[in-house]
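This is the structure I have questions about; it appears just below.
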Amino acid sequence: MRVSILQHASFEGLGRIAEWLDSYASRVRLHYLYAGGHLPTLDDFDLLIVLGGPMSVHDEAEYPWLVEEKALIRRTLDAGKRVLGIGLGAQLLAQALGAEVHKGNTEIGWWQLEKNARSAESPIGRMLPQRLMALHWHSETFDLPSGAIPLYSSAACQNQGFVWEERAIGLQCRLESTPESIKELLDARRADLERKGAVEDAASIRAGYPHCSAMAPTMLRLLNYLTGPHAILT
């Protein structure tokens, strides 16, 4: 499995996904878009992972590379390849599938996910736990793309995850998080904790580090499913 990864900020990296890549990827290429890194071509990968970031999908004037990144995601979907989007990456994926991305309730910290009843329409939805404590760090959200199956919701955010045609998964929540990756977020984005909304303080977020181990099996299960034999290979 050849994997290309689009990274939008130095402090929003792979987290738990790195462990899965070590075990299952035959080749991994990281593209640091925030540092002027180039985008991969379609021939470079079987799976495209689009990570989180502090910018908005609408910030093309400030981050011109967003234009080409969005075009790559659309081409990837059209080519029948697999895509995983997390945080900002999920919003970019939803937009590429024709959904709107807009302001939502700010949600930062540990908040429970509840599985959507429609998740049972997908095999992966039937495999997921009914409830899961997850890390969140966002103030924008996406509408459910046409043809997508919702996976999870939270009290503050209706669309926390979806699967599309069994080969593209978007996660607004941060299931890839580890204590180390959360520390990087806290160090870089501490000002976000002053926002109004469902926002925990730094001590509460650090106290939730044990939840990272509980999230890990779900993150790995999603990756294994997304790269399984049911998905279209090119």
Side-chain angles (χ1 to χ4, degrees), residues 2-22 25 27-77 81-97 101-104 106-109 135-142 168-195 199 202 205 212 219 223:
R2 301 168 304 151
V3 183
S4 287
I5 299 149
L6 308 183
Q7 187 167 339
H8 304 101
S10 61
F11 51 86
E12 298 213 32
L14 290 165
R16 190 76 62 179
I17 296 171
E19 299 175 14
W20 182 89
L21 292 170
D22 287 343
R27 188 181 73 196
V28 177
R29 289 182 175 172
L30 273 159
H31 300 265
Y32 303 105
L33 304 187
Y34 65 92
H38 69 280
L39 289 167
T41 68
L42 288 180
D43 293 334
D44 288 335
F45 60 85
D46 306 301
L47 168 66
L48 181 68
I49 297 178
V50 190
L51 297 176
M55 63 286 297
S56 167
V57 301
H58 305 296
D59 288 344
E60 294 176 354
E62 188 173 356
Y63 304 99
W65 42 262
L66 279 168
V67 176
E68 294 183 9
E69 181 182 14
K70 292 176 183 182
L72 172 65
I73 296 170
R74 287 191 292 270
R75 291 197 304 272
T76 302
L77 295 166
K81 291 177 180 282
R82 309 134 189 251
V83 183
L84 172 65
I86 295 176
L88 171 66
Q91 295 168 2
L92 287 164
L93 174 59
Q95 189 181 64
L97 290 168
V101 177
H102 49 82
K103 289 290 184 185
T106 297
E107 192 177 28
I108 299 174
L135 184 76
H136 307 267
W137 204 294
H138 68 99
S139 58
E140 293 190 325
T141 186
F142 50 80
I169 291 176
L171 298 173
Q172 183 62 73
C173 50
R174 309 304 296 270
L175 301 185
E176 84 287 3
S177 297
T178 63
E180 295 76 19
S181 70
I182 296 171
K183 183 180 184 301
E184 287 189 87
L185 269 174
L186 285 170
D187 288 345
R189 303 291 297 178
R190 187 171 293 269
D192 291 352
L193 305 184
E194 303 301 319
R195 296 179 182 179
V199 180
I205 293 172
C212 293
M219 183 73 260
L223 282 162

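Computed from a prediction, not measured in an experiment: that's the story for all the values here.
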Mind running side chain to side chain contact (heavy atoms under 4.5 Å, CB included) on Arg195 and Ser139 for me, showing each step along the way?
CA-CA 9 Å; Arg195 296 179 182 179; Ser139 58; 3.2 Å; yes
For the atom pair CG (Leu77) and CG (Leu72), what is the distance rounded to the nearest 0.5 Å?
9.5 Å
For Asp43 versus Arg2, what's the shortest heavy-atom pair and its separation?
O-NH1, 2.6 Å
Between Ser56 and Glu140, does any side-chain donor sit less than 3.5 Å from a side-chain acceptor?
yes
Candidate list Val101, Asp59, Val50, Val57, test side chain to side chain contact (heavy atoms under 4.5 Å, CB included), partner Leu88, passing option:
Val57
Among Glu107, His136, Gln91, find the one that has a side chain to side chain contact (heavy atoms under 4.5 Å, CB included) with Gln172.
Gln91
Within the structure provided, determine whether Trp137 and Leu186 are in side-chain contact (heavy-atom separation under 4.5 Å).
yes
Does Lys81 reach the main-chain N or O of Leu42 with its side chain, forming a donor-acceptor pair under 3.5 Å?
yes
How about Glu60: does its CD atom have over 12 heavy atoms from other parts shown lying under 6.0 Å from it?
yes
In the structure I gave you, are the side-chain heavy atoms of Pro40 and Arg29 within less than 4.5 Å of one another anywhere?
no
Audit row: Leu185, Asp192, side chain to side chain contact (heavy atoms under 4.5 Å, CB included) steps and yes/no:
CA-CA 10 Å; Leu185 269 174; Asp192 291 352; over 6 Å; no
Check the angle between the aromatic planes of Trp65 and His8 and answer parallel, tilted or perpendicular using the 30° and 60° thresholds.
parallel
How long is the span from the CD atom in Glu184 to the OG1 atom in Thr178, to the nearest 0.5 Å?
8.0 Å
For Pro54 and Phe11, work out which heavy atoms get closest and say how close.
CG-CZ, 3.9 Å
One thing to verify: whether Arg16 and Glu19 come together as a salt bridge, which I'm taking to mean a side-chain N less than 4.0 angstrom from a carboxylate O.
yes
Crowding at NZ, Lys183 (>12 non-hydrogen neighbours, <6.0 Å)
no
Could you pull out the closest heavy-atom pair between Thr141 and Gly104, with the gap in Å?
CG2-CA, 4.0 Å
Is His31 reaching over with its side chain to a backbone N or O of His38, donor-acceptor style, under 3.5 angstrom?
yes
Any donor-acceptor pair under 3.5 Å linking the side chain of Arg27 with the backbone of Asp44?
yes
Nearest heavy-atom approach of Val3 to Phe45 is C-CB, 4.3 Å
Which heavy atom of Ala202 sits nearest to which heavy atom of Leu193, and what is that distance?
N-CD1, 3.7 Å
If I compare all heavy atoms of Leu93 with all of Ile169, which pair ends up nearest, and what's the gap?
CD2-O, 3.5 Å
Distance col, row Ile17:CD1 vs Ile86:CD1, nearest 0.5 angstrom, shows 3.5 Å
Going by an N to O cut-off under 4.0 Å, is there a salt bridge joining Arg174 and Glu12?
yes
